[in-house]
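These notes are about the structure you will find just below.
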Number of protein chains: 2
Amino acid sequence: MSHTHVHESHEQLKDALDTLKQTGVRITPQRHAILEFLVDSMTHPTADDIYKALEGTFPNMSVATVYNNLRVFREIGLVRELTYGDTSSRFDFITTEHYHVICESCNKIVDFHYPGLDEVEQFASHVTGFEISHHRMEIYGRCPDCSNKDLH
Amino acid sequence: MSHTHVHESHEQLKDALDTLKQTGVRITPQRHAILEFLVDSMTHPTADDIYKALEGTFPNMSVATVYNNLRVFREIGLVRELTYGDTSSRFDFITTEHYHVICESCNKIVDFHYPGLDEVEQFASHVTGFEISHHRMEIYGRCPDCSNKDLH
DNA sequence: TGTTACTTTATAATCCTTATAAACAGTGTA
DNA sequence: TACACTGTTTATAAGGATTATAAAGTAACA
């Protein structure tokens, strides 16, 4: 299981680097590191999280570099930017289609897979006349840990 | 039709003011004006939109007043805060349950009604163990106007 | 080798939102 | 009415996330 995950991560990173090549985006050490961190990360990091995480490896890296490259990755479809109510955006390496459940108490974000809401898109297209491209959905609630805390 | 809408607006404003009374929130001229603007607005305004719109009536009103009261309205459930990718939040007077379609070209926001996605909430609760409270969903695409522009 | 375009860095600037403190206004009580 | 109490607005400062800018660095390629 763990071995499988490691292998998947490598594959995902390799695919991402291939995408960079195909799109003509240079693979710099910083870009490599940011992508690697995102692929391995299960935590939906903010730009600052990434910046801090790579501080050790790249003592001179600028915050702007993180932001610039996250924008590049977003534009070529490698990364999704999540804008919730809180102050800063979170970034998510795109693998398969999934949604997020967010704990309103501790802000934990958990993935869950669900068949795409195509029928909602079709309905929206029908009533509004829009050409639909995609949608986003998040579900809010309390995670098991925080629910248990309430019992004390 | 128009007459009906005017009447509905009055009812909605009245209901909102009642809610303020019940919750023990004072009805100040500024709060009245902000609520009235939100009820009449079909445009999902930003805090700054509201500030500018009421500048004529309240030349001395502070931006902080707008933000403070939008927070109050949100906390008592009169208003919903929409956080999309763009820089500033938009605010939406809550009437009945509806979702939003957003034009990626001109940023227009159109409402559409759709039965709540309860089954998705239940599924998410089942697989993650969360106690679900609510969800959000937005659909993105191109509005008819912008689609037509492409044809030229 | 030299030129060109891209990238990173460092820093400043911008913009949205919140915090703070003083002035103001309503409400209730003696 | 006078007075204290609490909530509200105002004005301004501060905070924090993100973007813009210019200089320095680096890869690609003729």
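Predicted, not measured: the structure shown is a model, and the values here were computed from it. Letters A, B, ... are given to chains in the order of the sequence lines, protein chains preceding strands, and every chain is numbered from 1.
Hydrophobic clustering, with ILVMFWY side chains joined whenever heavy atoms are under 4.5 angstrom apart, keeps A:Phe93 apart from A:Val101. In this structure, A:Ile76 is a member of the same hydrophobic cluster as A:Leu17, with clusters built from ILVMFWY side-chain heavy atoms closer than 4.5 Å.
Between B:Tyr67 and C:dT17, a side-chain N or O to OP1/OP2 separation shorter than 4.0 Å is present. Between B:Arg31 and D:dT8 there is a side-chain polar atom (N or O) within less than 4.0 angstrom of OP1 or OP2. Distances shorter than 4.0 Å separate some side-chain N or O of B:Thr65 from OP1 or OP2 on D:dT10. Of the side-chain N and O atoms in A:Arg71, none sit less than 4.0 angstrom from OP1 or OP2 of D:dT19. A:Asn68 has no side-chain polar atom (N or O) that falls below the 4.0 Å cut-off from OP1 or OP2 of D:dT18. Residue B:Thr28 places none of its side-chain N or O atoms closer than 4.0 Å to OP1 or OP2 of C:dA25.
If you check distances only, the side chain of A:Thr87 never reaches the base of D:dA17 with a donor-acceptor pair under 3.5 Å. Checked by distance alone, A:Ser88 brings no side-chain donor or acceptor within 3.5 Å of a matching partner on the base of D:dA17.
The NZ atom of B:Lys21 sits 12 Å away from the P atom of C:dT27 (whole-angstrom rounding). Counting to the nearest Å, the C1' atom of C:dC6 and the CD atom of A:Glu75 are 15 Å from each other. Spacing between atom CG of A:Asn69 and atom C1' of D:dT18 amounts to 15 Å, rounded to whole angstrom units. Between B:Arg74 atom CZ and C:dT17 atom P the separation is 11 Å, expressed in whole Å. Rounded to whole Å, the distance from CG on A:Asp49 to P on D:dT18 is 11 Å. One interatomic measurement links the two molecules: CG of A:Leu82 to P of D:dA17, which rounds to 17 Å at whole-angstrom precision. In this structure, the OH atom of A:Tyr51 is 15 Å from the C1' atom of D:dG16, given to the nearest Å. Rounded to a whole Å, the CZ atom of B:Arg90 is 16 Å from the C1' atom of C:dT17.
Shown are B:Gln30, B:Arg31, B:Arg74; of these, the side-chain hydrogen bond (donor to acceptor under 3.5 Å, both in side chains) with B:Asn69 is made only by B:Arg31.
Residue contacts for A:Thr46: at a heavy-atom cut-off of 4.0 Å it reaches no nucleic acid atom on any strand shown. When heavy atoms are screened at a 4.0 angstrom cut-off, A:Asp48 is found touching no nucleic acid atom at all.
Residues A:Phe73 and A:Ile94 form no side-chain contact, since every pair of their non-hydrogen atoms from C-beta on lies 4.5 Å or further apart. Residues B:Lys108 and B:Thr43 form no side-chain contact, since every pair of their non-hydrogen atoms from C-beta on lies 4.5 Å or further apart. Within the 4.5 Å cutoff, no side-chain heavy atoms of A:Arg71 are placed close to those of A:Glu81.
Each of C:dA10, D:dA11, D:dT18 was ranked by its minimum atom distance to the side chain of A:Asn60; first place goes to C:dA10. Comparing C:dA10, D:dT18, C:dT17 by their nearest atom to the side chain of B:Ser89 picks out C:dT17.
Comparing B:Arg26 and B:Ala64 against DNA chain C, the residue whose closest nucleotide sits nearer the 5' end is B:Ala64. Of the two residues near DNA chain D, B:Met61 and A:Phe91, the one whose nearest nucleotide lies more 5' is B:Met61.
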